[in-house]
Amino acid sequence: MPVLLEAENLARSFTLGRKGLFRPARQFNAVDGVSLSVNRGETLGIVGESGCGKSTLSRLLLGLLPPSQGSVMLDGAETTDVTPEEWRRLRQRMQLVFQDAAGSLDPRLTIRAQVEEPLRIHGLPLEMADTALDAVGLGGAMSARYPHEMSGGQLQRVIIARALVMKPEFLVLDEPVSALDVSIQAQIVNLLRDLQRELGLTYVFVSHDLGIVRHVSDRVAVMYLGRIVETAPKAEFYAKPLHPYSQLLLNSVPVPDPTRRKRARIVPGDPPNPADPPSGCRFHPRCPLATKLCREQAPELRDFGGRQAACHMIETARVAPKRAAVPTPDARQEEEVFA
Amino acid sequence: MTWLPVRLARAALTMWLVVTFVFVVLRLTGDPAAILLPDDIDAQTLAFYREKWGLADPLWQQYLKYWAGLLHGDFGISFRNDMDAFALVWERVPKTALLGGTALGIALFIGIPAGILAAIWKDSWIDRTIMTSAVFGFSMPNFFLGILLILAFSLRLRWLPSSGSGTWAHLVLPAITLGTGFAAQIARYSRSSMIEVLSRAYMRTASSKGTGPVRRVALHAIPNAAVPVVTVLGIQVGQLLGWAVVTETVFAWPGIGRLLTHSVALRDLAVVQCIMILLALTMVTSNMIVDILYGWLDPRVRVGAGTAQK
Amino acid sequence: MVLTVENLEITIDRPGRAPVRPVRDVSLSVAPGETLALVGESGCGKSMTCLALAGLLPRRGRISAGAVQLEGTDLARLPARQARQLRRKSVASVFQDATGGLNPVRTVGWQIAEALRLRKGLTRLEARAEAIRLMGMVGLPDPERRAREFPHQFSGGMNQRAMIALAVAGNPRLLIADEATTALDVTLQAQILDLIGELRDRLGMAVLFVTHDLGVVAQTADKVAVMYAGRVVEANNVRALFAAPRHPYTRGLMSALPRPDADEERLATIAGHVPPIDKLPSGCAFAPRCAEAHAICTSAAPAFTGSAACHNLAAGA
Amino acid sequence: MTAEANIPARSRTISRPFVWMLSGLRRMPLLVTLSIAFLTLMLVVTVFGRFLQPYAFEQIDLLARMKPPAPLEGFTWTHPLGTDKLGRDLLSRLIVGAQTSMALTLLGTVVGAIIGITLGFVAAHKGRWWDEAIMAAVDFQAAMPWFIVALAVLAFMGNSMIVFLMLMGLYGWEGYARITRGLVLSAREQGYALAVHGLGATPRWIYLRHVLPNIAGPLLVQLTINFPSTILFETSLSFLGLGIRPPMTSLGQMLGEGRDYLISAWWLAVVPGTVIFLTTLSMSILGDWLRARLDPSLEN
């Protein structure tokens, strides 16, 4: 499959509130050197905990925030240094679906007017809104309503329709269902998958929910404190995550099956402050495998047969899985069965 | 305590700005000697004073001298009664301080409890009564309230004097006049701040511990609600001084406000600039006090996020 | 049983409008050392039930029917003052927003000590020492120093630990955890779930765990009650419920969940959405969304028989 | 959600605050209705003032001096509100005085709003040093008692209409600036403005079509807060004899003049004072009501 979008060494720093006139403002890197590529027609799931920079990354990919460093290429064409005018044209090809649906809609406009807005901006025929509204199941009388008259699930449909109305190729979905109840969430997830199949869309699906990411993604990337620590095809990732953080993350997810209770195998400690990241490998203070090397030197993403991970200890852990504090997933399964 | 030096620096900056502003305005509006001295002065005297005040020197020297003068309490001479401007103003300070302090006391004493009560019994008749009175209170123009009080208590009932400042009885009407609007403002701020606090999750935690209603309000709600009220108070002190000018005129109260009105009418600029600089000093001081209070009340300011994990 | 709730009904009075009843006919029970999970989607009445049990209903809300037996005493029938005293000693709550749940102008130690002074009548010094011990027990590092710090100096996970220390201060019989881990990241959630389980076993508390997350239920609960539109539609022990969910809503909920441990081709959905509490349909509230609904479902509310409240099950049994 | 659910949906753009206000008209409290009625009357006076006065306001009639107003003993129907020491008709003076005060206040409010809203937008849009500088000015303005600053400026510059108008225009701008900046930032950072930016809209499009209409409500509320203090600003200065001065007249000037006759003719002060009070009161009541309707956080 051809690559549609490619990000190289993306970084974005923010300035924290200045503490006093005479002190330099503190900088922190919300995203710190992220490279990734998305193939046409696939879904790349980006997983991470709060504060890992996944929302910043999604805005960087779409040029909604200018990067401090690095570049994004769409279809082989650079998007980072183009004029605002060209950017506006590019927006027709790539769109963002927000987590906060209610907040991203103008409260004064009807649903139809919201979905028509991109067409007005780009001078396209307004009838195209009908197709988009029908596609998300909000055609007819529903489209005359205002946002405050609709439920959370319906609002999410509205912003999907608005994102689709210009027939983009590429969507970034930033936690699109995390605010919804399970039964509504399933409706939206199914809708997104149907749309992808019918329209040949390419998705980047950002979420903290490993269950949903498993359901929607073809490939998975795991973020920790502004960096990607592992990328892998979905099946391989869920069968056997390579990075210790991925392993602990996956192991922390409560499985909806009371016969498979996990014993407490917990990521120790709190996530560190993103404004003051640890030296070397950023996961080392919480990592059971950490060594002196990990404390001193940040690991690069390395290739392990079609998947990549940023960890110094992967080979060591593989050689002696029993010795490691974190058992491999296979060994874990047996231990975990609740007697 | 990193914020204290910063605040001091900011206060100094403000003072410097105000003084420089006054200096520049004085130079901009024409020959300072001509402005600071009465209009009907002859050219010889004018030249004498110009020499005496060093107005022939280069501007930066004048500026430094001006500062040096201020630091020694030399604000120039009031031409109206040929007195040292600073002495003239300083003499009035206790009167205005007494009036302003009493009014502020009345405002706090009435406004804060009223606001808290209204918030606790939100939407009840207590709340409605207090808030309706508050709307009337702060819509009432200072000068009009003063006149109504004079009509009722001095002219009709003859209980209290309508002007002057000799006895405590003289203080009653002006203090009420000046305090009413502020009591109303403070009641509104206290109420909204308190309502906000009462809806917070930690108030529910307090309930779930089994705290009684009095303890809950006194130990958990009020310390939190006080933070924004104190901030507002800092700004209100300035407004209070502003309205004191009007109140002092209505009741012929011999304070700084009345002096200011007179001096403005007569363009007695030495006095006006002296009052302006003292006023700026008062504002800066009251802001400092508010900042200190603020840090004392709110640990998030006092103990910075330095040791925080997040 | 620590807690037995029978046919609880909550009414909220609305000025100028008809009152609503967000919780109707709810019965539950929890034994010491046991965790009961109350599951449901937003607006199903699970949080309102919690607030009623903890005595924290909003001003216009009241328990309008039913019994709340706390170790044999019916709280609903007790005068307000005595009910408050009993709750103070025996019931503790942990809520979702731990950072917001702690008073920002008081030290964490002071807040825990206050609970001890109120619940156990300890002196200031005793309470302080006990607060520090509790902070250590919930896994807060360096409790001596941390007790003197303020909530804003703690991370979210640490604040949730502090809230738990505050809740278990004075050994309550019943701990109500209302979405206590919802706002936390999975790695922190695992820590906190573990801590609650450990404290339950150590202190012999009954735990009422309110959540919308079936994964959390499966991992922590002994018994489960599923709520929909203010009623319990199914209740069973956790293994039986997950092995064979009986109510169509429970089944729908389970198959709509994307699982982290298995692949599914397509998620099952439940059509429509939860009806607002003041516009409930007649009969079974789930009937308009139920694929198996019959005529009777829209006319009469089903009784709770066996482990679920559904006409189809009653007819089949 | 439930409260607004029965508002009829319309197909085209309609401002939501407007819909709210319309739907609220039926349930409007009596006090609010009276306030709107009084403000409407004041507005009519402002626009038509000089056509409404029964006499020329400066016309002297020494034969009819110090006549009391209507219900009091000794009044005449030719001067329903009585006359002053020079026999000038109080009703005519009141109308013209109100016209002056209202016109100045409206002008001052509008100028203040324009300055404040513009600077607020600039601060939010440009950020960095622009933001720092504008917010420093806002803090400075809020901390200094503007009334006293105005007195000092009148002393330095001399009393002229231009200076007076400038002072009124500069009064209260910081409130608008603060609100505008805050609303623009929050709209841009988390909400629909970012979303519309993502659709490819220009900043101009976003500000004019989305941000400005959505912050109109809170700005309107700010206007109802600013208006009463501006009219107090004008009347207080005129009352002290430092604003509007004879032969012109304004409510504050009338009150200041009437103050000298409290013993013999108290109505000379009380009548204009009551008009000022009713104006500020009406505006405050209207403002409170608008705020309660516009601010969803205040609803329950």
Side-chain angles (χ1 to χ4, degrees), chain B residues 14 17-18 22 25-26 28-29 35 131-132 135-136 138-148 150-151 154-156 162 181 188 192 195-196 234-235 237-246 249-250 257 260-261 263-269 271-273 275-276 279-280 283-284 286-287, chain D residues 31 35 136 139-140 142-159 225 228-229 231-233 235-242 251-252 255-256 258-259 262-264 266-270 272-285 287-288 297-298 300:
Chain B
T14 310
L17 276 174
V18 169
V22 170
V25 167
L26 265 179
L28 275 186
T29 43
I35 291 175
M131 289 336 282
T132 310
V135 174
F136 276 79
F138 76 73
S139 300
M140 176 61 90
N142 228 289
F143 45 86
F144 188 43
L145 178 62
I147 283 172
L148 290 182
I150 289 175
L151 278 172
S154 305
L155 299 182
R156 184 85 11 132
S162 70
R188 280 167 69 99
S192 62
I195 286 175
E196 157 93 24
I235 294 171
V237 167
Q239 308 301 323
L240 187 88
L241 289 173
W243 295 126
V245 174
V246 178
T249 306
V250 171
L260 180 65
T261 340
S263 307
V264 170
L266 298 169
R267 299 195 73 191
D268 192 349
L269 293 191
V271 176
V272 174
Q273 70 159 326
I275 291 178
M276 284 306 289
L279 181 80
M283 291 309 299
V284 164
S286 83
N287 277 333
Chain D
L31 264 180
S35 301
D139 286 344
F140 187 73
M144 285 304 278
W146 190 240
F147 188 69
I148 294 185
V149 174
L151 286 177
V153 171
L154 287 176
F156 287 139
M157 306 269 193
N159 192 348
I225 295 171
S229 43
I231 200 168
L232 288 185
F233 182 76
T235 47
S236 300
L237 277 175
S238 302
F239 171 80
L240 296 177
L242 297 167
L251 293 175
L255 187 64
R259 193 169 79 92
L262 279 187
I263 300 173
S264 55
W266 53 264
W267 55 86
L268 289 180
V270 171
T274 309
V275 173
I276 301 171
F277 174 51
L278 287 179
T279 310
T280 54
L281 182 66
S282 303
M283 210 51 160
S284 300
I285 289 172
D288 277 1
S297 68
L298 287 173
N300 269 335

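Note on naming: letters A, B, ... go to the chains in the order of the sequence lines (proteins, then strands), and numbering restarts at 1 for each one.
Only the side chain of D/Phe239 comes within contact range of chain B, with heavy atoms under 4.5 Å apart. Heavy-atom distances place the side chain of D/Leu242, and not its backbone, under 4.5 Å from chain B. Interface remark: D/Thr235 contributes backbone and side-chain atoms alike to the contact with chain B (heavy atom separation under 4.5 Å). With a 4.5 angstrom heavy-atom cutoff, D/Val153 does not touch chain B via any of its atoms. B/Val250 touches chain D through backbone and side chain together, each having a heavy atom under 4.5 Å away. For B/Met283, the part lying near chain D is the side chain, with the backbone staying farther off; criterion is any non-hydrogen pair under 4.5 Å. Proximity to chain D (any heavy atom under 4.5 Å) is shown, for B/Leu145, by neither the backbone nor the side chain.
Residue B/Leu155 places its CG atom among more than 12 non-hydrogen atoms of other residues, nucleotides or ligands, all under 6.0 Å distant.
Shown here are the side chain to side chain contact (heavy atoms under 4.5 Å, CB included) partners of D/Val270, two or more places apart in sequence or in another chain: B/Phe144, B/Leu148, B/Leu151, D/Trp266, D/Thr274.
Counting heavy-atom pairs under 4.5 Å between each of D/Leu255, D/Leu31, D/Leu154, D/Leu237 and chain B puts D/Leu255 at the top.
When atom types are taken as modelled, the side chain of D/Arg259 and the backbone of B/Ile147 share no donor-acceptor pair closer than 3.5 angstrom.
Considering every non-hydrogen atom in both D/Ser236 and B/Phe143, the closest pair reads OG-CE2, 3.2 Å. Nearest heavy atom pair, residue D/Phe147 against residue B/Gly242, reads CD2-O, 3.3 Å.
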